[in-house]
Amino acid sequence: MPISIDSLVSIVQSGGGFEIDAKKYSAAVLLPFIGQMNQGAVLRVRNATAWKVEDVIAVARTAPPGVAQFVF
């Protein structure tokens with residue numbers, strides 16, 4: 001992974017967002033902390049077809065409204 005999960009958590013806790021590649025990060029590693037993202041932050045997931053539809057839905061449901069964006 002290009003950046004550690006701990007670093008992503010720190011970014012979220014600082015109010016930031018980020019763009020990730022679904023081929024490099026699983027939904028399971030994001031779900032524990034993306035609910036803490038600020039509503040103005042952006043979580044953009046590239047290559048979202050690498051995840052199961054259920055995982056995409058879980059991320060969309062867990063992140064605050066409008067935060068999760070998916071590139072298929």
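Computation of the quantities below employed the complete heavy-atom set of this structure, encompassing side-chain atoms and omitting hydrogens, waters and symmetry-equivalent molecules.
- A pairwise comparison of heavy atoms in Pro64 and Gly35 identifies CG-O, 4.1 Å as the closest pair.
- Across all their heavy atoms, Ala27 and Val59 have their closest contact at CB-CG2, 3.8 Å.
- One N or O on the side chain of Asp21 and one on the backbone of Lys23 form a donor-acceptor pair closer than 3.5 Å.
- Ring geometry for Trp51 against Phe70 counts as perpendicular: the plane angle is over 60°, on a 0 to 90° scale with 30° as the lower cut.
- Between Gln13 and Val9, the closest side-chain pair of non-hydrogen atoms falls below 4.5 Å.
- With values rounded to the nearest 0.5 angstrom, Ile20 atom CD1 is found 11.5 Å from Arg44 atom CZ.
- No side-chain heavy atom of Gln69 sits under 4.5 Å from any side-chain heavy atom of Val45.
- Using a 4.5 Å heavy-atom cutoff, the side chains of Leu8 and Ile3 are in contact.
- No side-chain heavy atom of Phe33 sits less than 4.5 Å from a side-chain heavy atom of Ser10.
- Between Phe72 and Asn47, the closest side-chain pair of non-hydrogen atoms is not below 4.5 Å.
- Residues Thr62 and Leu30 have side chains not in contact (no heavy-atom distance under 4.5 Å, counting atoms from C-beta outward).
- Both Phe18 and Val56 sit in one connected hydrophobic cluster of ILVMFWY residues. Membership requires side-chain heavy atoms under 4.5 Å apart, directly or through other members.
- A single hydrophobic cluster is seen to contain both Leu31 and Val29, as judged by linkage of ILVMFWY side chains at heavy-atom distances under 4.5 Å, directly or through other members.
- Gly16 approaches Ala41 most closely through the heavy-atom pair O-CB, 3.8 Å.
- Cluster annotation: Ile34 and Ile5 are assigned to the same hydrophobic cluster (Ile/Leu/Val/Met/Phe/Trp/Tyr, side-chain heavy-atom contacts under 4.5 Å, transitive).
- Nearest heavy-atom pair across Ala68 and Ala60 is CB-CA, 4.2 Å.
- Between Leu43 and Met37, the closest side-chain pair of non-hydrogen atoms falls below 4.5 Å.
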